[in-house]
Amino acid sequence: MDPSESDGRPRKINKPNYSKFTQQELPACRPVLTPRTVITVFSLISIIFVAIGIASLIVSQEVVEVVGRYDTSCAPMVDKIRFIQNSTSNKRCTITLKAHKYMKSPIFLYYQIGNFYQNHRSYASSQNDRQLMYKNAHLKKECNPETHTTDGAPIVPCGLVAWSLFNDTFTVDVNGETTEVNKHDIAWASDKNNKFGDDIYPSNFQKGKLIGGATLNESVPLSEQEDLIVWMRTAAFPTFRKLYGRIEKDIMANATITVFIQNNYNTYSFGGSKAVVLSTTSWIGGKNNFIGIAYLSVGCLCLFLALGFTVLYMVKPRSK
Ligand SMILES: *[C@@H]1O[C@H](CO)[C@@H](O)[C@H](O)[C@H]1NC(C)=O
Ligand SMILES: *[C@@H]1O[C@H](CO)[C@@H](O)[C@H](O)[C@H]1NC(C)=O
Ligand SMILES: *[C@@H]1O[C@H](CO)[C@@H](O)[C@H](O)[C@H]1NC(C)=O
């Protein structure tokens, strides 16, 4: 039974104070979707997107990129694995590339590795973020099997990602003239400042039986080991590029670019490829047609809709 009826007095109700919000009287925007506004909006969007798309494609075409694969030419035809694992074999190698267009500095020098799954879960998680930033981090199993040396000393940096650090090196000649490759500031500043400590030094690194890749200078803190920082930002795809350095000098069209390679890194065991890439940049980054195509697709879709609505509206106007 309703309590208000029991004693004849009205029940006290928990009523909110009056406000425009509680009474749902706030001003509101209620656009009227007439055919004319819909067609105008779609046309405007399509013009903007098509313009950005075409601009991105043009800019992307202007990026000059020179790619030279070297893993096959820098190893003998047979016994590639024996060759790369032999510490006394001569790993020096030269490849010659041609700048097919004028290349404006800064020119980025990348190495590109194929068929290397840096995104594999057990590989990508084989590192310890606390250890890279803070002293005396407690190591659990995450870095196995690269956690401790056989006599129990912790490995810094631990884990398979660091252990497999790329160790080929490159120097560049342009038209027979040695050209400096600047290796400063190749890593993200946010990684250097927030993920790798400036008082953490490598220790016991690559001291085990099996060498996975490059060694690190023990007197340089991790925050300055830029090749390591670049390598440890693991790639999402099995073919990836990582920045090696920057050439801060323009390269003329038709110039001969000679890259001297120390071919150390073993991609032969897992059928991976290696290439060196020189690329100029633009405001969309390197050579990348995807952005342009994506914008163009959306722009064309909107244009199509605008045209469709126009035809519908003209052929069959809604009766008033
Ligand atoms: C390693 O390379 C050296 C020099 O090329 C060669 O003499 C030696 O036989 C190689 N060792 C093996 C195990 O292939
Ligand atoms: C380079 O890395 C390979 C493994 O990919 C290793 O066997 C080799 O000893 C390393 N060489 C140098 C000079 O660091
Ligand atoms: C580059 O070489 C091509 C063909 O060999 C020639 O047509 C072109 O004029 C050259 N460009 C420059 C800037 O030398």
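In each ligand, atom 1 is the first atom listed, and ligand 1 is the first ligand listed.
- Remark: ligand 2 and Thr215 share no N or O pair separated by less than 3.5 Å (distance only, no angle test).
- When atom types are taken as modelled, the side chain of Asn264 and the backbone of Asp168 share no donor-acceptor pair closer than 3.5 angstrom.
- Of all heavy-atom pairs between Pro154 and Leu139, the closest is CB-CD1, 4.1 Å.
- With a heavy-atom cut-off of 4.0 Å, Asn264 touches ligand 2 through backbone and side chain alike.
- For the atom pair Thr169 OG1 and Asn263 CG, the distance stands at 9.5 Å (nearest 0.5 Å).
- When the side-chain contact (heavy atoms from CB on, under 4.5 Å) test is applied to Lys242, the partners found at least two apart in sequence or on another chain are Tyr111, Gln118, Val230, Trp231, Phe240.
- Once rounded to the nearest 0.5 Å, the distance linking NZ of Lys91 with SG of Cys74 reads 12.0 Å.
- Close approach of ligand 2 to Asn266 is summarised as follows: ligand atoms under 4.0 Å from at least one heavy atom of the residue are 5 (O).
- Of the polar atoms of Tyr265, none of the N or O atoms is found under 3.5 Å from an N or O of ligand 2, judged by distance alone.
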request  = Report the C-alpha separation of Tyr18 and Glu25 in whole Å, then their side-chain angles, then the decisive distance to 0.1 Å, and conclude whether the side chain to side chain donor-acceptor pair (under 3.5 Å) test is met.
outcome  = CA-CA 11 Å; Tyr18 171 82; Glu25 289 170 359; 2.7 Å; yes
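- Listed by number with element, the atoms of ligand 2 under 4.0 angstrom from any heavy atom of Ile211 are 4 (C), 6 (C), 7 (O), 9 (O).
- In this structure, Lys183 is positioned above the aromatic face of Tyr244, its NZ or CZ under 6.0 Å from the six-membered ring centre and within 45° of the axis.
- Protein residues having at least one heavy atom under 4.0 Å from any atom of ligand 3 are Ala253, Asn254, listed by chain and number.
- Proximity to Thr88 (heavy-atom distance under 4.0 Å) selects the following atoms of ligand 1: 1 (C), 2 (O), 3 (C).
- Between the side chain of Gln225 and the main chain of Val220, a donor-acceptor pair closer than 3.5 Å is present.
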Side chain to side chain donor-acceptor pair (under 3.5 Å) between Tyr268 and Asp71, intermediate numbers included = CA-CA 8 Å; Tyr268 303 99; Asp71 59 308; 5.5 Å; no
